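A short write-up of the structure that comes next.
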4 protein chains.
Amino acid sequence: MSSQKSTADATTARSPQRERGRLRVAALMKAASLVFAEKGYEAATMTEIAARAGASIGSLYQFFPSKEALADALLAQYAEQVEAGLGAITAGAAALAAPDLADALIDLLVGLKDERRAVMVLFEARREATAPPSELRDAMRRAIARILALHAPGLPPPRAAAMAVAVLQQMKAAALLSVEPDLESRDEALAELRRMTRLYLAAGLAPA
Amino acid sequence: MSSQKSTADATTARSPQRERGRLRVAALMKAASLVFAEKGYEAATMTEIAARAGASIGSLYQFFPSKEALADALLAQYAEQVEAGLGAITAGAAALAAPDLADALIDLLVGLKDERRAVMVLFEARREATAPPSELRDAMRRAIARILALHAPGLPPPRAAAMAVAVLQQMKAAALLSVEPDLESRDEALAELRRMTRLYLAAGLAPA
Amino acid sequence: MSSQKSTADATTARSPQRERGRLRVAALMKAASLVFAEKGYEAATMTEIAARAGASIGSLYQFFPSKEALADALLAQYAEQVEAGLGAITAGAAALAAPDLADALIDLLVGLKDERRAVMVLFEARREATAPPSELRDAMRRAIARILALHAPGLPPPRAAAMAVAVLQQMKAAALLSVEPDLESRDEALAELRRMTRLYLAAGLAPA
Amino acid sequence: MSSQKSTADATTARSPQRERGRLRVAALMKAASLVFAEKGYEAATMTEIAARAGASIGSLYQFFPSKEALADALLAQYAEQVEAGLGAITAGAAALAAPDLADALIDLLVGLKDERRAVMVLFEARREATAPPSELRDAMRRAIARILALHAPGLPPPRAAAMAVAVLQQMKAAALLSVEPDLESRDEALAELRRMTRLYLAAGLAPA
DNA sequence: GATGAATGAGGTTTCATTCAT
DNA sequence: AATGAATGAAACCTCATTCAT
């Protein structure tokens, strides 16, 4: 690691280090999302997160200066993915039929890998903690509202905003449901959520 | 003679035997639900709960032998209310129009006192913790399924079960929304959730 | 005691209360010795002792002002019994053959009822606690030394004192052994302790 | 990479991986044995143990995840010493005269360092607590029985087992006596215990 | 950088004892 | 007297975070 402290030939020498660091960080974040998902924010311990990533506690703190920072990093990572997904939907919103739009939205969160639950957990757990109460949620609501508006140009903005809240609930519910452990009829229930959302959008976005 | 003959359980709440105790227990549960709602299960501290109830920590432990027992007691209390409510709806299910049924269900959780959020929090937070993963949730799902079946006799039971899961999600979402602090358009959003549920039930319960 | 504060007709009126009190005290002491025996002094709780006696914690404190006082009372009770037993042996010491003397001594502690272990526990546990470190033990040692001296008049007093210490160990060991839970060969082991003590006294008390 | 791959037990001691840790653990165990010896298992506090070792409470828990684990570690350490000693005696058992065997056994426990009392205390105090009620004691009994059998080949095994129990009592009594604080005639009493054991073995192990 | 030990505030829980009814 | 609730110091233990190697 500290192979050349004084030499200036940095770029080439550091490269493998940077690479190692990137891997470490990825492993740590992956481990963190698993542990947060399993235990919840408070009950998750930094020591366990480090251990699951095959790292030492010191190493974890080298990259994330606090538990909060770690959670924020995870949230930011998810926000990026989610916003990318919403962006994609936005692009195609006008062309989509309402039921397809419903499916696309529902699939967005469900499609996130096994870290799905972690986002939800952090979402909720850190609601009061953070100063701006969940920018992510607000951003998602706004993005969804925009999608709805694009899809149904006649929709009054306040109505779109209110509908977005309801749609986001469906998206979260679906994501949560899709990782719920012992539900024998998970798929059927998911299908119902989907059906409900389709109905809702079909009715709500129909041209007056 | 003996102090606690029935419940020397150490995992369940001890019941008070004097008027004074009954008052204490009520105050403690009220305080607990506030603190749990504010902070979440893990972040809530027994010390704060006792203090908010104007009791000493020892007094709290006199009746609730552990934090877990306290949470369980709260959950049980809510379960009772909720089941009573579901019972009432069950009784009138057949006579209700689908949209009215939707409203009745949504109002059930929204109508619970200001401790509403506590139930939700405990619901989620203690999901993995408890051995039987939320009997309450299963009971609610079953009760809702039964209501749907009563309302639409032709509904196949598996379908009713899957729909119940979806409906319960709406009920919870509405309850959470109704106590969310800084949402300017709370009422509009609630109205949307309501509309969605009405649509869903109207479509799903219609005689084929 | 303070049943009638003003009336003077005390003797007849108080009698049943006194009787009740005596029974209570007996039950409490019995329960205490069981709990101390099972859990040890520190781990025994006043609440459990009261409960086992079918009394309330308040009632226990009515008769014994502290845990220490309760232990002392038990110890005193045992001291009385033991001293009575030693007195009886003293009376017959001169007439007994050495092996019979050994048996009599060993039987003394073994013969105490199921509270045997409690004495030992309190003996040990409160060694450092009490100001005069175990008067009971010293008294027993002196009494045994006296018995040995009576039995073997030529024995020099310091020798008798040293032997008494050794003999008391055998007595305690036998008592402990006789209540040890899962020892398949309890009786054989007890017989060996007995044999050892007989040999020892036979050799040590033989006229030079 | 991972910190503790082998022992994430939470019931057993974690082993230090650095020189500093090794020193700490040694200091902690030393302090623990002193405090246990002075106060007994229950009355000893983890805080005092840490303080006496010049460590913080967190440091103590870093290596011993519970008070019980600490006691077990001490016991295991002593078990090792004791078993080594018994092994040595076993090796020479056949060549020893009975009185010398008696002395060797008595000296075994008496010769352990000043923490002797701690073993005894933990021995007794944690008898009921531990699931396998003192494997150490059983191991010692078996080892002593084997020594006796080696010494007197004609001895029936059950007899050897029973004698071993009696001999172990003498060993413990001697160890306890040798650290008893205020006994003016400690040495004389110890000599008597020794004499008794010699007599017993001489008689019991003599060829019929 | 990486590792594992160190720290200590703070959380849960226990229990002897006191008090009000 | 008797009961059961009240009290709070103090015990055990956890864990985010910092530090030395």
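Chain naming here is simple, since letters A, B, ... match the order of the sequence lines and numbering starts at 1 in each. This is a predicted model, so every value here is computed, not measured.
The salt bridge (Lys or Arg N to Asp or Glu O under 4.0 Å) pairs that include a residue from residues 56-67 of chain C number zero, where partners must be two or more places apart or lie in different chains.
Between B/F63 and C/Q62, the residue anchored closer to the 5' end of DNA chain F is C/Q62, taking for each the nucleotide with the nearest heavy atom.
Residues satisfying the side-chain contact (heavy atoms from CB on, under 4.5 Å) criterion with C/Y61, sequence neighbours excluded, are C/M46, C/I57. Taking B/E19 as the reference, B/R22 meet the salt bridge (Lys or Arg N to Asp or Glu O under 4.0 Å) condition, with sequence neighbours excluded. In this view, A/R52 and A/E38, A/E48 satisfy the salt bridge (Lys or Arg N to Asp or Glu O under 4.0 Å) rule, not counting sequence neighbours. Shown here are the side-chain contact (heavy atoms from CB on, under 4.5 Å) partners of C/S59, two or more places apart in sequence or in another chain: C/R24, C/A55, C/S56, C/F63. By the side-chain contact (heavy atoms from CB on, under 4.5 Å) test, C/A73 is found to be paired with C/M29, C/F64, residues two or more places apart in sequence or in another chain being considered. For A/F36, the ring pair (Phe, Tyr, Trp, His ring centres under 6.0 Å) criterion is met by A/Y41, not counting sequence neighbours.
Across the protein-nucleic acid pair, D/E48 atom CD and F/dC12 atom C1' stand 15 Å apart, rounded to whole Å. The CZ atom of B/F64 sits 12 Å away from the P atom of F/dA5 (whole-angstrom rounding). Rounded to a whole Å, the NZ atom of C/K39 is 13 Å from the C1' atom of E/dT14. Taking atom CG on C/L70 and atom C1' on E/dA16, their separation rounds to 12 Å, with Å as the unit. Put simply, CG on A/L23 is 15 Å from C1' on E/dG1, counting in whole angstrom units. Atom CG in D/L60 sits about 13 Å away from atom C1' in E/dA5, given to the nearest Å.
The heavy-atom pair separating D/L60 from D/L70 by the smallest distance is CD1-CD2, 4.2 Å.
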Study note, to complete from the structure: For nucleotides 14-21 of chain F, 5' to 3', base contacts (B), sugar-phosphate-only contacts (S) and non-contacts (-) with protein non-hydrogen atoms under 4.0 Å give BSSBB-B-
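Side-chain contact between B/L74 and B/Q77 is present, with at least one heavy-atom pair separated by less than 4.5 Å.
Side-chain N/O atoms of D/R22 include none lying less than 4.0 angstrom from OP1 or OP2 on E/dG4.
Scanning DNA chain F for stems, defined as runs of 3 or more consecutive Watson-Crick or G-U wobble pairs whose donor-acceptor distances all fall under 3.5 Å, gives the following ranges: E:2-21 with F:2-21.
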